[in-house]
**Student:** 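Okay, here's the structure, questions in a sec.
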2 protein chains.
Amino acid sequence: MAQPRAGERILRVARDLFYRQGIRAIGVDEIVRRAGVTKPSLYRSFPSKDELAASYLRQYDLEFWARFDEAVAAHPGDPRAQIAAFLTRIGKRTQKPDYRGCGMTNAAVEYPEHGHPARVVSEANKQELRRRLRAMAAAMGAGDADTLGDGLLLLIEGAYISGQLFGAGGPAKSVARNADLLIEASLKK
Amino acid sequence: MAQPRAGERILRVARDLFYRQGIRAIGVDEIVRRAGVTKPSLYRSFPSKDELAASYLRQYDLEFWARFDEAVAAHPGDPRAQIAAFLTRIGKRTQKPDYRGCGMTNAAVEYPEHGHPARVVSEANKQELRRRLRAMAAAMGAGDADTLGDGLLLLIEGAYISGQLFGAGGPAKSVARNADLLIEASLKK
DNA sequence: AGGTATACGTACCGATCGGTAACATTGTCA
DNA sequence: TGACAATGTTACCGATCGGTACGTATACCT
């Protein structure tokens, strides 16, 4: 095969379709059709559609932390600037025309059932994000670091959702500004 | 019929199933089965499943504003206390074991397609919520009322999502506290 | 060249999807 | 009683769902 391996093509196409239209909205037939492969190829690389969705999210997880760590690395030792950099970027992304929020968050909404493969990946990602935000809040010297960390998480999740609800010009564009105000207020006390 | 009208029973069951498990996850067969009616009855009361979903959300919209206005009415002329009351209640609800967030928000995530009947209702609700939050922020005398109103919306949406992602003990329980900090910071300048 | 393992395609499975046609039954009210 | 509207019943539609049995082609190694 000159083409990349079937499994990789499938994951690439699935990632795109799942993110843009939702996991439940996309059938395996459409995935294999757009990937130019056949269904048995999908089921040789992935044990089920649910596991394919989980694989999509695991890849999403990697890319998410790459973006996060990029913002962190840009401002060594300055957690407040790290947060600002990360949120500024999120704020910009939410203003793009076909922004669809966070694949992790969306998957958790689509699969409320506890223990679903996709949801497991999503929950783990969010738990880790919460942990890191709280740690950064503590590093900033916040009086109540856990509350500030959680507040930042709420703003971030709100930006993900509002971004896809309101489109360009929506409330998500102010996420960095609001986060900064919240940080300022939390450091003062 | 001794029972309430078929259409009402269907809507009641659909509302429960759609909210808890998601709209795409529930088939019309399950709705009519749980409602103790038959499929033709559903399609005599509702032109399609999508319209049934929209009806569910229109009812949700009514109940949402009832809760909102209740918090408003409890503190006449004091928008800051109104917000606090509303958010305190949201924060409590998110800590309940099988909390599933906001039906409006979830529907918008499930149906990204622009113009879908369910999404239309959801978007209208969120636009109005944004309008009112900004108005309340202005009434508080915030320097940048639109930014504060949007910040409150981000916190609220974040609470809806985090509530169903993290369950009890999650970040959503701090939504009222963080909103108050944000308001405080926004009034100072 | 031949063997072998791996990858792929054709064709199909039963179940469920949203939705409907045709007709029987019921309660209400004139 | 008779007409009407609402609900019930049964059976069905084509399309799509996730998933698989089974035969074929290709690449590599000896």
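The figures that follow rest on heavy atoms only: side chains count, while hydrogens, waters and symmetry mates do not. Note on naming: letters A, B, ... go to the chains in the order of the sequence lines (proteins, then strands), and numbering restarts at 1 for each one.
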**Student:** Measure from CG on A:L52 to C1' on D:dG19 and round the result to the nearest Å.
**Tutor:**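 That distance rounds to 13 Å.
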**Student:** Please determine whether a side-chain nitrogen of the Lys or Arg among B:R20 and A:E113 lies less than 4.0 Å from a carboxylate oxygen of the Asp or Glu.
**Tutor:**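 No, no charged N to carboxylate O under 4.0 Å.
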**Student:** Of the candidate nucleotides D:dG19, C:dT20, D:dT20, which contains the atom at the shortest distance from the side chain of A:P40?
**Tutor:**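 Selected nucleotide (nearest to the side chain): D:dT20.
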**Student:** Is there a donor N/O on one and an acceptor N/O on the other, under 3.5 Å, for the side chain of A:R44 and the base of C:dG9?
**Tutor:**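 A donor-acceptor contact between them is present.
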**Student:** Which of the following nucleotides, D:dT10, D:dG18, C:dG19, is nearest to the side chain of B:S48?
**Tutor:**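 Shortest atom-to-atom distance from the side chain points to C:dG19.
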**Student:** Let me know the distance between CZ of B:R24 and P of D:dC17, rounded to the nearest Å.
**Tutor:**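 To the nearest whole Å, that distance equals 11 Å.
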**Student:** With sequence neighbours left out, what residues match A:R34 under side-chain hydrogen bond (donor to acceptor under 3.5 Å, both in side chains)?
**Tutor:**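 Once residues adjacent in sequence are excluded, the partners of A:R34 under the side-chain hydrogen bond (donor to acceptor under 3.5 Å, both in side chains) criterion are A:E30.
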**Student:** When you compare the side chains of B:N106 and B:Q164, does any donor N or O come within less than 3.5 Å of an acceptor on the partner?
**Tutor:**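 Yes, a side-chain donor-acceptor pair sits under 3.5 Å.
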**Student:** Are the charged groups of A:K126 and A:E123 less than 4.0 angstrom apart, N to O?
**Tutor:**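 A:E123 and A:K126: not salt-bridged.
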**Student:** B:Y43 OH to D:dC13 P: how many Å, rounded?
**Tutor:**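 Rounded to whole Å, this separation is 18 Å.
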**Student:** What's the NZ-C1' distance between A:K49 and D:dG18, to the nearest Å?
**Tutor:**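 In whole Å, D:dG18 C1' lies 8 Å from A:K49 NZ.
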**Student:** Grab the CZ-P distance between B:R33 and C:dG18 for me, whole Å please.
**Tutor:**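 Interatomic distance, CZ of B:R33 to P of C:dG18: 13 Å.
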**Student:** Considering every strand and a 4.0 Å limit on heavy-atom distances, what is the contact class for A:I26: base, sugar-phosphate, or nothing?
**Tutor:**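 Sugar-phosphate: the residue A:I26, judged by heavy atoms under 4.0 Å, touches backbone atoms but no base.
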**Student:** Kindly indicate whether the side chain of B:K39 and the base of C:dG19 share any N or O donor-acceptor pair separated by less than 3.5 Å?
**Tutor:**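 Check passes, donor-acceptor contact within cut-off.
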**Student:** For the pair made of CG in A:L42 and P in C:dC8, what is the distance, rounded to whole Å?
**Tutor:**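 Answer to the nearest Å: 11 Å.
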**Student:** Under 4.0 angstrom, heavy atoms only, what part of the nucleic acid is A:I31 near: base, sugar-phosphate, or nothing?
**Tutor:**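 Counting heavy atoms under 4.0 Å across all strands, no contact is made by A:I31.
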**Student:** When the distance from CZ of B:F46 to C1' of C:dG19 is rounded to whole Å, what number comes out?
**Tutor:**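 One finds 15 Å between C1' of C:dG19 and CZ of B:F46, rounded.
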**Student:** Reckon B:S41 has a side-chain N or O less than 4.0 Å from the OP1 or OP2 of D:dG8?
**Tutor:**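 Answer yes for this pair, as a side-chain N or O of B:S41 is under 4.0 Å from OP1 or OP2.
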**Student:** Do the charged groups of A:D69 and A:R132 touch, with an N to O distance under 4.0 Å?
**Tutor:**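 Yes, this pair counts.
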**Student:** Where each residue is assigned the nucleotide of DNA chain D containing its nearest heavy atom, which of A:A25 and A:P47 is assigned the position nearer the 5′ end?
**Tutor:**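 Here A:A25 is the residue nearer the 5' end.
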**Student:** Could you check how far CG of B:D29 sits from C1' of C:dA15, rounded to whole Å?
**Tutor:**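 It is 11 Å, rounded to the nearest whole Å.
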